[in-house]
Amino acid sequence: MAELTQNPKAPAKVAVDLIKTPWAVIVAILALVAVLDPSNWGEVVTFAGKALAHTGQYILFAVLLLSYLKATGAEVMVARAFEGRETRMIFLAAVFGGLAPFCSCEVIPFIAGLLALGAPLSAVMAFWLSSPLIDPPTLLITAGALGWPFAIGKAIAAVALGLFGGFAVRALMRGGAFAQPLREYKPAGCGCGPKTEDKPVWKFWQEPERRQRFRSEFVHNSLFLLKWLALAYVLEALLVSYVPADLIARVVGGEGVVPIVIAALVGMPAYLNSYVAPPLLAGLMEQGMSAGAAMSFMVAGAVSSIPAMAAVWSLVKPRVFATYLGLGITGAITAGILFQMI
């Protein structure tokens with residue numbers, strides 16, 4: 001209270017921050033529907049509420065799992081993927097990239113440290129490409145919104161893209177490319193980076209500090225996922241209610257390669273995040289979007305999400321950045337085509 005009194009701008013800043021939250025966007029959207037189309041307001045709210053309740057079981061399990069991984073210090077297992085022979089490192093990095101319980105800003109110091117310590121760019125690229133695509137919470141949320149076949153397909157695409165990128169970069173490096181990939185890096189100190197530990201402590205409840213970390217992670221991640229998924233399902237309700245199905249079918253429907261390529265090109269700049277995308281794609285698929293186009297959109301968007309691209313750009317030189325995006329878009333289109341065929 002004293003801080004607010006001493007700083008008269010603080011209440012205004014709090015108000016602005018509140019307006020920027022997904023909750024404020026949800027309230028604004030529902031208010032607009034109530035004013036412009038009051039007869040459809042109840043249907044929009046009911047649709048979003050039922051969808052959120054259906055996904056609730058996945059949210060709870062995902063939050064418990066992520067909090068457990070954080071409390072035990074499981075990040076140390078990811079670092080082990082970058083020890084040993086290069087081929088082995090690429091395989092392990094691609095797999096661990098999909099399991100890493102890192103937030104977006106944790107990736108930056110982790111990857112910077114690996115490159116600074118001499119970890120090969122090929123293994124780092126494998127991790128970088130697979131990590132934004134899938135993690136335990138995203139897998140469960142995708143399964144809840146799009147079904148387990150799609151979620152498993154996305155997980156396979158994540159590992160495959162990591163392997164593809166890792167071995168492609170290794171081939172380019174053997175030809176003399178990327179001799180000095182790393183920019184001069186100075187940690188920004190975001191405050192949520194992983195602590196260095198010798199090994200995970202699986203029985204975290206025996207230590208008060210780890211129990212506190214579990215509680216704080218559970219609350220933080222629960223609120224984070226709840227607000228983004230609530231927004232996602234409200235947007236899906238609007239999509240189903242107001243966007244003509246034939247429009248979606250014309251742009252990204254059909255069984256050909258063109259809709260898959262279009263979905264990848266649109267997904268890269270338009271992607272929101274891995275928690276909002278599955279419900280929105282469920283709505284698009286109901287409107288006529290093909291399964292291959294949906295997979296292409298999701299893979300391309302995850303690779304080019306703002307945190308992922310910012311991490312790459314802040315650490316490596318432009319040629320590596322361009323290679324990262326090129327591998328991402330190529331992998332997205334390939335994943336979409338293969339998933340469509342299956």
What is the distance from atom [atom1] of [X] to atom [atom2] of [Y], rounded to the nearest 0.5 Å?
X: Leu129; Y: Met125; atom1: CG; atom2: CE; answer: 6.0 Å
X: Ile152; Y: Ile134; atom1: CD1; atom2: CD1; answer: 10.5 Å
X: Lys203; Y: Gln206; atom1: NZ; atom2: CD; answer: 6.0 Å
X: Leu338; Y: Met341; atom1: CG; atom2: CE; answer: 6.5 Å
X: Met295; Y: Ser290; atom1: CE; atom2: OG; answer: 11.0 Å
X: Phe47; Y: Ser241; atom1: CZ; atom2: OG; answer: 7.5 Å

Minimum-distance pair of heavy atoms, taken over all atoms of [X] and [Y]:
X: Ala230; Y: Trp23; value: CB-CZ3, 4.1 Å
X: Phe339; Y: Gly292; value: CD2-N, 4.4 Å
X: Ala264; Y: Ala300; value: O-CB, 3.5 Å
X: Ala263; Y: Ala293; value: CB-O, 3.2 Å
X: Thr142; Y: Ala151; value: CG2-CA, 3.8 Å
X: Trp148; Y: Leu139; value: CZ3-CG, 4.1 Å

| Looking at the rings of Tyr68 and Phe214, which for Trp means the six-membered one, are their centres under 6.0 Å apart? |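 Here the rings of Phe214 and Tyr68 have centres that are no less than 6.0 Å from each other.
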
| task | State yes or no: are the ring centers of Phe127 and Phe96 separated by less than 6.0 Å? | result |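 No, too far apart.
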
Listing, residues 277-285 side-chain donor-acceptor contacts under 3.5 Å, not counting sequence neighbours, or none:
none

| request: Mark yes when over 12 heavy atoms from residues, nucleotides or ligands other than Arg211 sit less than 6.0 Å from its CZ; otherwise mark no. | output: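 Atom CZ in Arg211 is crowded, with more than 12 foreign heavy atoms closer than 6.0 Å.
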
| task | Can you establish whether the number of heavy atoms outside Glu43 located under 6.0 Å from its atom CD is more than 12? | result |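 No, because the 6.0 Å sphere around CD of Glu43 holds 12 heavy atoms or fewer from other groups.
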
Hey, any chance [X] and [Y] share a hydrophobic cluster, counting ILVMFWY side chains that come within less than 4.5 Å of each other, even indirectly?
X: Ile141; Y: Leu223; value: no
X: Val258; Y: Ile337; value: yes
X: Leu52; Y: Leu60; value: yes
X: Val219; Y: Phe204; value: no

Just distance, no hydrogens or angles: give the donor-acceptor pairs under 3.5 Å from side chains in residues 161-172, sequence neighbours left out.
{"residue": "Arg170", "atom": "NH1", "partner": "Thr87", "partner atom": "OG1", "Å": "2.8"}

State whether the side chain of [X] and the backbone N or O of [Y] hold a donor-acceptor pair below 3.5 Å, judged by distance alone.
X: Tyr233; Y: Lys50; result: no
X: Thr330; Y: Gly326; result: yes
X: Ser216; Y: Arg213; result: yes
X: Thr72; Y: Trp202; result: no

[Y] and [X], any side-chain heavy atoms less than 4.5 Å apart:
X: Met173; Y: Leu121; result: yes
X: Asp37; Y: Tyr242; result: yes
X: Leu325; Y: Ile329; result: no
X: Leu146; Y: Lys154; result: no

| request: I would like to know whether Leu36 and Trp41 meet side chain to side chain contact (heavy atoms under 4.5 Å, CB included); could you show each step before the answer? | output: CA-CA 9 Å; Leu36 301 176; Trp41 186 86; over 6 Å; no

| field | Step-by-step side chain to side chain contact (heavy atoms under 4.5 Å, CB included) determination, Val201 to Arg210 | value | CA-CA 9 Å; Val201 179; Arg210 292 182 183 275; 3.4 Å; yes

| task | With side chain to side chain contact (heavy atoms under 4.5 Å, CB included) as the test, would you mind laying out the steps for Trp128 and Val303 before giving the verdict? | result | CA-CA 9 Å; Trp128 233 332; Val303 170; over 6 Å; no

| Per the side-chain contact (heavy atoms from CB on, under 4.5 Å) rule, which among Leu32, Ile26, Val27, Val25 passes with Ile29? |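 Filter result, single survivor: Val25.
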
| Yes or no on side chain to side chain contact (heavy atoms under 4.5 Å, CB included) for Val63 and Glu217, after CA distance, side-chain angles and deciding distance? | CA-CA 8 Å; Val63 170; Glu217 289 289 341; over 6 Å; no

